[in-house]
Amino acid sequence: MERQADIAVIGGGLGGVSAALAALRSGRTVVMTDPTRWLGGQLTSQLVPLDEHRFIETDGANRSYRVLRDGMRDYYRRHYPLTESARAEPHLNPGDAWVSPVCLDPRVGVAVIEELLAPYRSSGRLTVLMETEPIAVETDGDRVTTVRVRSAHGHESTLRAPYILDATELGDLLPLGGIEHVSGRESQEQTGEPGAWPTADPTDMQGVSWCFAIDHMAGEDHTIERPEDYDYWRDLRPPQLDGRKILSFGEPVKADGTPGRVYTFTPNLDGDVIDLDHRNMGLHPELWNYRRIAARKNFAPGFYPSDVVIVNWPMNDYVGGPLFGVDDAADHWKAAKALSRSMLYWLQTDAPRPDGGTGWPGIRLRPDVAGTADGFAMHPYVRESRRILARKTIVEQEISTTYRGESGSARYPDSVGTGHYFWIDRHHTTGDGRGAGGTPHPFEIPLGALIPRRVRNLLPAAKNIGTTQITNGAYRLHPVEWSVGEAVGALAAYCLEHGTEPHAVADDDAATEAFQHDLTRRGVQLRWDPSKRW
């Protein structure tokens, strides 16, 4: 079967959804695919609540992103038995978690995304192929002509569109189409970044996390069957962790003698005070309310027998190997989930309790929240993708407080969006495991970072833009991915309307400015308040 549209969006994560909406709102037709049963990517099928910055309620987000997050809050007000105080809270946080001001059940995220897309499905201008992945890309010179996709049931389709947007979690279209890209860590010689390693390694990537949802039923025993490989994971001391066991709550003193972080874990704690500013997290953060997606105190008494928590913690950051680029990649997909399964069993049986005992057998896996039979997320949480060789590569000297001082991040004449996070958040990696992080000032998204050097009609719409491994640590979060998607969806629609192409828009200052006016009309924020700093 062949399907045609103005724009094909391959991948239905936040970037893909945002890109599709931008194109649809411009009157274009779109065909979109996703490998899972839920649209929303890291927010939904990967079980990762919104990772946002401290200015998010008033600054640093597109209007469309605010519609998404406000829509999720309103969904709770319309359908859930909130307490009167929670219902009246303008910045409602259903999970009352400190990782995010909007921490919620992923099924609510799915529902709101579907609400946003529903009119275009009804009109026939949007076709969505779920549980479908790309398997081949055909090109003609510097243009992508078709993308071949296959469903989980083995049905194949050929997608043909003037513009192809790669919104996949791992930048899958890049190798399939022979499109120039990088992965893993770059060298100092390649990027000029002070924090880069002397040598490059395309297989040295940030670890993935296979997340899962739990609650705690005191006095009950929900212990899962002991995993066959549990002893291996329980005793594992990855070299990236300087010899510390991966299944632990941390270390009081690090290998270099400096104070280490030791997490606390208190199921269904009451009266907790939430500080949304990660800069104040300290050395003893509480894991229970870290990524809590349902706080009992926000709902009618008895509605939730327990809080509900997403487990995306340092203990299930898998660093055994990358998910692509190596011969045994399939083994690492399996091992990432195996680590999380053993972590769950460890929490239920062997994890040290403050009273001197071990384990919380009342911890219960919540497969209904994950939307899966085994209770684990549909897809691992991916922090690092293949990245296009872009016309502009964003480097750490342009955003890091270490190198920018109080001058703020670099300002780009061709900015098409904004972003921020508390850190340049680089988790342990599959190789040498260490790398510069630091803190970023609020930053901009340059148009040049969204345009491949050679290919004319394929654009990145997720974590596959022109960043380095270092700057990806700040540009990979939910609101930034949404802004990237909106920018490229709008760019493809703009080019179709005006009979031009992305490279021509970027090459002409007047054309760039005209496109920026189009973005501004849509409610895209191009600049930060100049006074904003980390």
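- Under a 3.5 Å cut-off, the side chain of Glu497 and the backbone N or O of Ser26 do not form any donor-acceptor pair.
- Between the side chains of Asn464 and Ser385, no donor-acceptor pair is found at a separation under 3.5 Å.
- Side chains of Arg456 and Asp142 form a contact here, defined as non-hydrogen atoms less than 4.5 Å apart.
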Quiz item: Please walk me through it: do Gln516 and Asp414 pass side chain to side chain donor-acceptor pair (under 3.5 Å)?
Solution: CA-CA 8 Å; Gln516 289 173 315; Asp414 62 344; over 6 Å; no

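- Salt-bridge annotation for Arg143 and Asp140: absent, with no side-chain N of the basic residue lying under 4.0 Å from a carboxylate O of the acidic one.
- Between His278 and Tyr421, the ring planes are perpendicular. Angles over 60° get that label, and only those under 30° would be called parallel.
- Using modelled atom types and a 3.5 Å distance limit, the side chains of Gln469 and Gln206 yield no donor-acceptor pair.
- The closest side-chain donor-acceptor pair between Asp317 and Ser209 falls under 3.5 angstrom.
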Quiz prompt | Chi angles and distances behind the side chain to side chain donor-acceptor pair (under 3.5 Å) call for Tyr381, Glu169 | solution = CA-CA 9 Å; Tyr381 174 35; Glu169 295 298 325; over 6 Å; no

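- Looking only at side-chain heavy atoms (C-beta outward), Arg244 and Lys254 stay at 4.5 Å or farther from each other.
- Taking the six-membered ring for Trp and thresholds of 30 and 60 degrees, Tyr318 and His332 have ring planes inclined between 30 and 60 degrees apart.
- Neither side chain, Ser64 nor Asn62, offers a donor N or O lying under 3.5 Å from an acceptor on the other.
- For Tyr403 and Glu193, the side-chain atoms include no donor-acceptor pair closer than 3.5 Å.
- Contact check on Glu398 versus Arg404 returns no salt bridge, with no Lys/Arg side-chain nitrogen under 4.0 Å from an Asp/Glu carboxylate oxygen.
- Under a 4.0 Å N-O distance rule, the pair Lys245/Glu251 does not qualify as a salt bridge.
- Ion pairing of Arg454 with Glu180 is present here, as a side-chain N (NZ or NE/NH1/NH2) and a carboxylate O approach within less than 4.0 Å.
- Between the side chains of Thr401 and Thr439, at least one donor N or O lies within less than 3.5 Å of an accepting N or O.
- Looking at heavy atoms from C-beta onward, Trp534 lies out of side-chain contact with Arg54 at the 4.5 angstrom threshold.
- Taking the six-membered ring wherever Trp is involved, the centroid distance between the rings of Tyr263 and Phe249 does not fall below 6.0 Å.
- Within 6.0 Å of atom CG in Asp256, more than 12 heavy atoms from other residues, nucleotides or ligands are found, so the atom counts as buried in its surroundings.
- Contact check on Lys463 versus Glu384 returns no salt bridge, with no Lys/Arg side-chain nitrogen under 4.0 Å from an Asp/Glu carboxylate oxygen.
- Using modelled atom types, one side-chain atom of Arg453 and one backbone atom of Ala390 make a donor-acceptor pair closer than 3.5 Å.
- A donor and an acceptor atom, one from each side chain of Thr393 and Arg387, are nowhere located under 3.5 Å apart.
- Atom CG of Leu50 is separated from atom CZ of Arg69 by 7.0 Å, given to the nearest 0.5 angstrom.
- A salt bridge is absent between Asp166 and Arg386: the closest approach of a Lys/Arg side-chain nitrogen to an acidic carboxylate oxygen does not fall below 4.0 angstrom.
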Practice problem: Carefully, step by step, assess Gln42 and Glu481 under the rule side chain to side chain donor-acceptor pair (under 3.5 Å). | Solution: CA-CA 10 Å; Gln42 54 183 325; Glu481 182 179 334; 2.7 Å; yes

Practice problem: Walk me through it: do Arg391 and Asp507 pass the test salt bridge (Lys or Arg N to Asp or Glu O under 4.0 Å)? | Solution: CA-CA 11 Å; Arg391 297 184 61 161; Asp507 285 339; 2.4 Å; yes

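- Atom OG1 of Thr500 and atom CG of Leu491 lie 9.0 Å apart (nearest 0.5 Å).
- Taking the six-membered ring for Trp and the full ring otherwise, His53 and Trp528 have centroids separated by under 6.0 Å.
- For the pair Leu21/Trp482, a side-chain contact is recorded, criterion being any heavy-atom separation below 4.5 Å from C-beta on.
- Between Arg73 and Glu57 a salt bridge is recorded (basic side-chain N to carboxylate O distance below 4.0 Å).
- Using a cut-off of 4.0 Å between Lys/Arg side-chain N and Asp/Glu carboxylate O, Arg185 and Asp432 are scored as salt-bridged.
- Using a cut-off of 4.0 Å between Lys/Arg side-chain N and Asp/Glu carboxylate O, Asp51 and Arg476 are scored as not salt-bridged.
- With respect to Glu444 and Arg527, a salt bridge is recorded, a charged nitrogen being found less than 4.0 Å from a carboxylate O.
- Between the side chains of Asn289 and Trp98, at least one donor N or O sits under 3.5 Å from an acceptor N or O.
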